[in-house]
Amino acid sequence: MEGVILAAGRGTRMRGLTERTPKPLLKVQGRPILEWSLRALRPAVRRVLVVTGYQGGQIAEYMAQQRIFGDYALVEQREQLGTGHALRACRDALTGPDFLVINGDDLFHAPSLRRLAATSAGVLAVQRQDGSEYGVLLKNRGGHLGRLHEKPPQGLYSPPVQVYVGACRLTRDILDLPLQLHPQRREYELTQLVTDYAQTRPVSIVETGFWFPLGRPEDLAAAQSLDLEGLMFA
């Protein structure tokens, strides 16, 4: 199976930290975020694609010297049009019928990614008391994913709620679905694409043992003191 890391964004919420450095190369405990992503994917996939955009040359230089994946490819997202558009850019570079895709600015639990890879199609989830800052996973009658409700109003769903954590196992026919432009953000979002995909086949929901998003400078600072070897790989 192949893996896809979405690493094209500008990281605007990181403020000055990403002025000259792409967000995936910001360091957590002395290692780039991208290195933690590659290590988390390694047990589940044989080949990895890294979608680049902002400061993509630096990511290319890092990938040329890393030793986690010998078999990899870089895919350039020439316009920053959202995560759904970034995945669509991988159409010609993907060689197999299925793949894992993860956000390039989160820390994931490697055993949970392996469990996700074992599904025929699935999304990774974690429980939160308030889903208003996330994509809430709503199940259909069969217990599979019905749709993703992105950032619902606070209190709409009774806690705890299952939220999407930016990792999914997909088949390449998702690349044939039409992209829908988000009316406010003016981007083609992967969450909408996955919702549409879930109307065509059962999509399992897999609970993860650990997930740590790195959206803001304070998240990056907090991650420096975590036991990441234990939390991500045990």
Side-chain angles (χ1 to χ4, degrees), residues 1-14 18 21-26 28 31-42 44-66 68-108 113 116-117 123-124 135 148 164-182 185-194 196-197 211 213-215:
M1 182 179 294
E2 293 169 288
V4 176
I5 301 175
L6 303 178
R10 295 185 63 89
T12 53
R13 290 186 297 165
M14 282 292 183
T18 54
T21 303
K23 187 176 179 181
L25 295 186
L26 296 179
V28 176
R31 301 180 185 209
I33 298 170
L34 181 55
E35 183 169 329
W36 292 103
S37 298
L38 294 170
R39 290 182 62 205
L41 276 177
R42 178 71 259 190
V45 306
R46 58 171 180 80
R47 178 176 184 259
V48 69
L49 278 63
V50 182
V51 183
T52 68
Y54 176 67
Q55 299 285 3
Q58 292 186 42
I59 293 177
E61 289 177 7
Y62 171 79
M63 290 300 297
Q65 59 84 34
Q66 58 82 34
I68 302 168
F69 280 91
D71 191 355
Y72 74 89
L74 300 173
V75 176
E76 183 183 6
Q77 185 187 20
R78 296 182 180 179
E79 296 181 86
Q80 304 296 291
L81 296 177
T83 51
H85 180 266
L87 181 62
R88 181 66 59 85
C90 297
R91 182 198 298 268
D92 294 337
L94 287 164
T95 62
D98 44 30
F99 52 91
L100 285 182
V101 56
I102 66 171
N103 288 342
D105 53 2
D106 296 354
L107 301 175
F108 292 96
L113 290 178
L116 180 64
V123 294
L124 209 58
L148 275 158
Y164 171 68
V165 302
C168 40
R169 195 271 201 206
L170 304 167
T171 52
R172 66 175 302 125
D173 47 337
I174 194 174
L175 303 174
D176 297 324
L177 296 176
L179 293 173
Q180 298 189 43
L181 189 67
H182 191 282
R185 288 186 282 277
R186 309 302 296 173
E187 292 183 343
Y188 301 101
E189 298 185 340
L190 181 56
T191 49
Q192 180 60 55
L193 196 58
V194 170
D196 295 342
Y197 180 73
W211 171 65
L214 298 168

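The basis for the numbers below is simple: all heavy atoms, side chains too, and nothing from hydrogens, waters or symmetry mates. All figures in this text were calculated on a predicted structure; none of them were measured in a lab.
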* Around Asp92, counting heavy atoms of other residues, nucleotides and ligands shown, do more than 12 lie under 6.0 Å from its CG? ->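 No, CG of Asp92 has 12 or fewer neighbouring heavy atoms, counting only those of other groups under 6.0 Å.
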From [atom1] ([X]) to [atom2] ([Y]), nearest 0.5 Å:
X: Asn103; Y: Leu190; atom1: CG; atom2: CG; answer: 7.5 Å
X: Thr83; Y: Leu193; atom1: OG1; atom2: CG; answer: 8.5 Å
X: Leu148; Y: Gln192; atom1: CG; atom2: CD; answer: 9.0 Å
X: Leu113; Y: Leu100; atom1: CG; atom2: CG; answer: 6.5 Å
X: Leu107; Y: Leu214; atom1: CG; atom2: CG; answer: 4.5 Å
X: Thr12; Y: Lys23; atom1: OG1; atom2: NZ; answer: 8.0 Å

When you measure from the side chain of [X] to the backbone N and O of [Y], does any donor-acceptor pair fall under 3.5 Å?
X: Arg47; Y: Ala73; answer: no
X: Glu189; Y: Thr191; answer: no
X: Glu187; Y: Gly84; answer: no
X: Tyr197; Y: Thr171; answer: yes
X: Arg91; Y: Leu175; answer: yes

Which atom names give the shortest non-hydrogen contact between [X] and [Y], and what distance separates them?
X: Phe108; Y: Ala167; answer: CE2-CB, 3.7 Å
X: Leu38; Y: Phe69; answer: O-CE1, 3.4 Å
X: Phe99; Y: Val4; answer: CD1-CG2, 4.2 Å
X: Arg88; Y: Ile174; answer: NH2-O, 4.3 Å
X: Ile68; Y: Arg42; answer: O-NH1, 3.0 Å
X: Pro24; Y: Ala7; answer: CG-CB, 3.6 Å

* Asked: Does Asp106 have any salt bridge (Lys or Arg N to Asp or Glu O under 4.0 Å) partners at least two apart in sequence or in another chain, and if so, which?
  ->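 Partners of Asp106 by the salt bridge (Lys or Arg N to Asp or Glu O under 4.0 Å) criterion come out as none, since no residue qualifies.
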Residues 48-61, side-chain donor-acceptor partners within the protein, below 3.5 Å, at least two apart:
unit_1 : atom_1 : unit_2 : atom_2 : d
Tyr54  : OH     : Thr18  : O      : 2.5
Tyr54  : OH     : Glu19  : O      : 2.8
Gln55  : OE1    : Gln58  : NE2    : 3.3
Gln58  : NE2    : Arg20  : O      : 2.7

* Asked: Given Met1 and Arg46, is the side chain to side chain contact (heavy atoms under 4.5 Å, CB included) satisfied, shown in steps?
  -> CA-CA 6 Å; Met1 182 179 294; Arg46 58 171 180 80; 5.8 Å; no
* To do: Show the numbers, then the answer: is there a side chain to side chain contact (heavy atoms under 4.5 Å, CB included) between Trp36 and Val28?
  => CA-CA 8 Å; Trp36 292 103; Val28 176; 3.7 Å; yes
* Asked: With no hydrogens and no angle check, do the side chains of Glu79 and His85 hold a donor and an acceptor under 3.5 Å apart?
  ->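 Judged by distance alone, the side chains do not pair up.
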* Worked verdict on Ile5 versus Tyr72 for side chain to side chain contact (heavy atoms under 4.5 Å, CB included) -> CA-CA 11 Å; Ile5 301 175; Tyr72 74 89; over 6 Å; no
